[in-house]
Each structure stands twice: as C-alpha cells, then as structure tokens.
Amino acid sequence: MADKLIIFDTTLRDGEQSPGASMTKDEKLRIAKQLERLKVDVIEAGFAAASPGDFESIKAISATIKDSIICSLSRANDRDISRAAEALAAAQRKRIHTFIATSPLHMEKKLRMSPDQVLEQAIQAVRFARNFTDDVEFSPEDGSRSEMDFLCRVIEAVIKEGATTINFADTVGYGVPELYGNMLKTLRERIPNSDKAIWSVHCHNDLGMAVANSLAGVMIGGARQVECTINGLGERAGNTALEEIVMAVRTRKDYFNLDLGIDTTQIVPASKLVSQITGFAVQPNKAVVGANAFAHASGIHQDGILKARDTYEIMRAEDVGWSANKIVLGKLSGRNAFKQRLEELGIALESEAEVNAAFARFKELADRKSDIFDEDILALVSDEEQANDKEAYHFVSLAQHSETGESPKAKVVFAFAGKEVTCEAKGNGPVDAIVNAIESEVNSGAELLLFSVNAITTGTQSQGEVTMRLQKAGRIVNGVGADPDIVVASAKAYLSALNKLESKSEKLNPQV
C-alpha cells in the first residue's frame, strides 16, 4: 500500500520573499485558486504578522479556498500566533505554522537566546497555537546546521505539546542529499514520540540541491510532506520546485511508491500564472515547465521521437498542461463568453465596472491580435488590476522614433495625481529613451537592475511581456507590462515598478 506524499505549497509566503516578487491581495487570491485547481494539499498563504496586506490576503484566501488546508506562518510568540489565527478564522481547514531557530549560530547571533530559552519558547508557542487549531506545524529553523542532541530535545517537546507536523528545514541550502536524509532518519529513530507527527522537508536551492535533498528526506528520512513553490520561486536561489518533485514522484512511481493528489495538467497553467504575476520568467531549459522541456533539436532524438515517443520522452507534455495554450476567444466574442472565460481562469473581478473595463481592453487587443490565448487574458487582467489599484502613475500614450545613425527619441504621456504629464528624451535605444523621458519628470533616483522581454504566446503577433526590476534605498521591486508593442510594454513596466517604489508598505520577511 503506497503512502501519500503531502504537497505543501509556499509560493505565496516563501516564494514572495524573492526580491521584487511581492504580490497584491488579488494576485495572491488568483494564485491560490490555481493552487486549488492543482489540488495542492496545503497552501501557505502568507505570514499574517508581516503586514496588514499579508493579513488581508490570508483572510481572503481562507474565505475562498475550500479544498486545501490554509496555513499561516508565525514566529514563536503569542502576537504572531494570534494574528495568524485571526487571519485563518474563515478557513474550513486551517494550520498554524510556527518556527524558531535552533542552530548554535542563529541562537547566538540572531536570537541572542540560550538553548534553554529557545526550547521553552518553542514549547509555549505550540501550546498557545493549539488553542486555535489541532493542526499545528513546527519548524526548527536552520535545522540542518543544528546539533542533533538539542534538535531531539526540542522536537520531542513540541510533539508532546501537540505539534502534528514537524518540518526539518534546510534554511540556507547547506544540505547534501545523503547527509540530509540520514539526519532526518536519525531524528525519527532517536525521538521516542516521532511517530505521533508527520515529518516534512523544506529545502533551499543555494547549492542547486533542493529537489535532491527533499527527495532524500522522503526516501531516506521517511518524510511524507514536501514544502515547495511553483517554478522553485523563493529567497536567494529559491526553494524546492513543486513541478519537479511532483513529476519525479509520478514518473518514477516504481522507485518512490508514493501516491499524490495533484492534478498534473494544472502545472503549466500554474507556472505561467506565477511567472506573469511576479515578473520572474521561467528559463527555457527549466525542467517540466521550461519552453524547451519537451523540445528536441538533435536529429537522432527527433528520429527516435517520430518512431516511438518514449525513446526520448519520459513524460508527456499534455500530462503537465502544455496542451492548454489554445485559442479561446476572438474579436467577435461577446461579453458573456469573456466573463465565463475569466471565471474558468479563476479571475474574479469585484464589480461589473471592472468586467466592462477588462472587456473593453480585450476588444481593443482583439482588433490588434487575431487570436487571443489564456495567457493574453491573464496579462490583460493584470494590467487592468494595476490601473485600478489607486496607483500614482498611469500610462497614457507614447510616441517613439528610431532611425539608423540617429539617437532614438521618445515622447511619453503618463498620468500622475490626476494630471497628464508629457516628457521627451533621447537614449541609446528606444527603451533607454523611454526611461530617460519618464525620469526627466519623476527623478526617482532608482537603479535599473533588470530589463527582460518575453513573448506571452507563440507567433509574431504575441504580446510582449516586459519586466523591469528597480532598486532604491535597499528596496527591490519588479514592474511588469504587456502589450503587442514591446516599447509600449516597456513604458508600462517602468511605471508599474515606480508605483511599487511609491508604495511605502513594508513587511517582515522571516525565514524557515
């Protein structure tokens, strides 16, 4: 009888800790709905005490999602735990996930607490969390660099207090598969009540081994929950990639002998949605969800595929959702068809006025682009949400001229504080001219860290999706813009990034 492997998705919490990947409440809700369609077992919706925005996002997701357990992270203190419980109040099934660092380095340098103080705080946190739910997860932060004897003391104590999941965290990606797996195995063997909790793994990808470490934790250590993110999104080099864990376990069922509840056909739609919302493009050679994941360039490979597909493909592209990129609407499509497609994509606009505005933009796009794909609609709605989000800067229009032998020049019109502003400048290229024009009026002082352009769909008619990453005073933000004209998309992306810099909302970013 195969065991079930629980998939715990932390895209909305740990994934959001990628510099510039901050999401709005509506964006988080859209991703949560897609995770529900993916049939993820647990959704870590955020860290309720981090900011009012995080709290409201968890609250909204708790009230909307029915099929997945909704989880909030909290530090090991009463205030964080109470805040998490309040945000989760409406959830049909809820989990509080509390953590405290247990490595000598973290206890001494970060917490400035003695091991005995850490032990007592861990016990008190789990005891307090149990007042709100029977489903309590505990993580020893930096577990892979913690001392075995102390880890055993802490984990035995929190299980005794009622922790139902123990998450062995490789916080800084220090683990090596065999060592990490055996450390988890030793913990389970040495702790008398280890069988009273489900064991989980949470690995970071600093040495490129997050997926390997997680699978070693499962096969050697006996873990039955994996914490992961869509596209491996996350702080620094990221987290364990959900799509890689799921497809490894599914494809090699002969070895892992584990059951999954995941609907794998929703993997690619989830990947594309997270990429569009965060502005973090998926590399073409990324396993499972990269554009080249099922492409064959070698003549020998192509010959083999034509004769028998399984000669070079261990998975089918349609099994992970690659066939989902289908034409859905055109310029003759009506409002009801458009609204129904929004619902199928998990997009819930708050008012009829917003639906009408989005439909008007859809019609405008359909006049310029004959075939409209799901990805076009997602990009269109993202633009619409930004425009309606009471942001400071709004794109109005653009004129740009480039000619060989001359410096490109641009004229940009944007709205600021209810008034239209017109600005002009030259640059080394059309995008540089646009940025120079906007900065001539805004004077933000921000540094441009990244400029990237990706085609949203196939063909020369595809919308271009531009990401601009800006840094100012230690803050990093991503702005995303989409348009069939990539120069216009660039202006939208830059203004989007400026809007995020304008927002003063700060939040705590914990680790696990």
Side-chain angles (χ1 to χ4, degrees), residues 11 15-24 27 31 205 229-238 241 243 268 270-293 295 325 373 375-376 378-383 385-386 393 395 398 400 402 408 410 412 427-439 444 446-472 475-501:
T11 304
E16 199 190 24
Q17 288 179 217
S18 298
S22 185
M23 302 170 233
T24 66
E27 288 168 343
I31 291 174
N205 205 39
T229 61
I230 302 296
N231 299 336
L233 191 69
E235 195 154 18
R236 305 184 312 276
E243 59 276 4
V268 168
S271 170
K272 289 184 175 181
L273 179 62
V274 169
S275 176
Q276 278 192 318
I277 284 176
T278 61
F280 280 69
V282 177
Q283 67 194 60
N285 62 327
K286 169 78 172 64
V288 183
V289 294
N292 293 348
N325 187 346
F373 295 86
E375 292 85 351
D376 291 313
L378 290 170
L380 181 150
V381 172
S382 292
D383 267 3
E385 284 183 343
Q386 288 181 9
Y393 303 100
F395 174 81
L398 179 150
Q400 188 276 322
S402 294
V412 182
N428 292 326
V431 175
D432 188 45
I434 287 164
V435 171
N436 290 342
I438 294 171
E439 280 296 324
S444 72
E447 178 187 3
L448 180 62
L449 300 180
L450 172 77
F451 167 72
S452 72
V453 183
N454 292 284
I456 289 177
T457 56
T458 55
T460 55
Q461 280 195 344
S462 171
Q463 287 194 90
E465 182 180 68
V466 174
T467 300
M468 296 270 205
R469 184 172 302 161
L470 301 184
Q471 175 178 267
K472 182 180 180 181
R475 282 188 71 201
I476 297 174
V477 297
N478 280 346
V480 181
D483 196 89
D485 184 335
I486 62 169
V487 180
V488 172
S490 299
K492 289 180 177 179
Y494 196 77
L495 291 170
S496 168
L498 289 177
N499 279 322
K500 290 183 178 178
L501 280 180

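In this structure, Ser444 and Glu439 approach most closely via the heavy-atom pair OG-OE2, 2.6 Å. The nearest pair of heavy atoms linking Pro408 to Pro430 is CB-N, 3.9 Å. For the pair Asn478 and Pro19, the tightest heavy-atom approach, listed with the atom from each and the gap, is ND2-O, 4.3 Å. Here the closest heavy-atom approach between residue Phe280 and residue Ala21 is recorded as CE1-CB, 3.8 Å. Scanning both residues, Gly427 and Ala433, for their nearest heavy atoms gives N-CB, 3.7 Å. Annotation for Ser452 and Asn454: closest pair OG-ND2, 3.9 Å, computed over non-hydrogen atoms.
In this structure, the separation between CG on Leu495 and CD1 on Ile438 is 4.0 Å, given to the nearest 0.5 Å. Interatomic distance, Asn499 CG to Leu501 CG, rounded to the nearest 0.5 Å: 9.0 Å.
At least one side-chain heavy atom of Phe451 sits less than 4.5 Å from a side-chain heavy atom of Ser490. Residues Asn231 and Ser275 are in side-chain contact: their nearest non-hydrogen atoms beyond the backbone lie under 4.5 Å apart. The shortest distance between side-chain heavy atoms of Val274 and Ile31 falls below 4.5 Å. You'll find the side chain of Val480 reaches within 4.5 Å of the side chain of Glu465, heavy atoms only.
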*Show the numbers, then the answer: is there a side-chain contact (heavy atoms from CB on, under 4.5 Å) between Leu470 and Tyr494?*
CA-CA 8 Å; Leu470 301 184; Tyr494 196 77; 3.7 Å; yes
*Taking it one step at a time, do Met468 and Val431 satisfy side-chain contact (heavy atoms from CB on, under 4.5 Å)?*
CA-CA 11 Å; Met468 296 270 205; Val431 175; 3.8 Å; yes
*Test Ser271 against Val282 for side-chain contact (heavy atoms from CB on, under 4.5 Å), laying out the working first.*
CA-CA 8 Å; Ser271 170; Val282 177; 3.8 Å; yes
*Could you walk me through whether Lys492 and Val466 pass the side-chain contact (heavy atoms from CB on, under 4.5 Å) test, one step at a time?*
CA-CA 8 Å; Lys492 289 180 177 179; Val466 174; over 6 Å; no
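Heavy atoms of other residues, nucleotides or ligands lying less than 6.0 angstrom from CG of Asn428 number 12 at most. Heavy atoms of other residues, nucleotides or ligands lying less than 6.0 angstrom from CG of Leu398 number more than 12.
A donor-acceptor pair under 3.5 Å links the side-chain atoms of Thr11 to the main chain of Ile230, judged by distance alone. Put simply, the side chain of Gln471 never gets that close to the backbone of Leu449: no donor and acceptor are under 3.5 Å apart. Between the side chain of Arg475 and the main chain of Lys500, a donor-acceptor pair closer than 3.5 Å is present.
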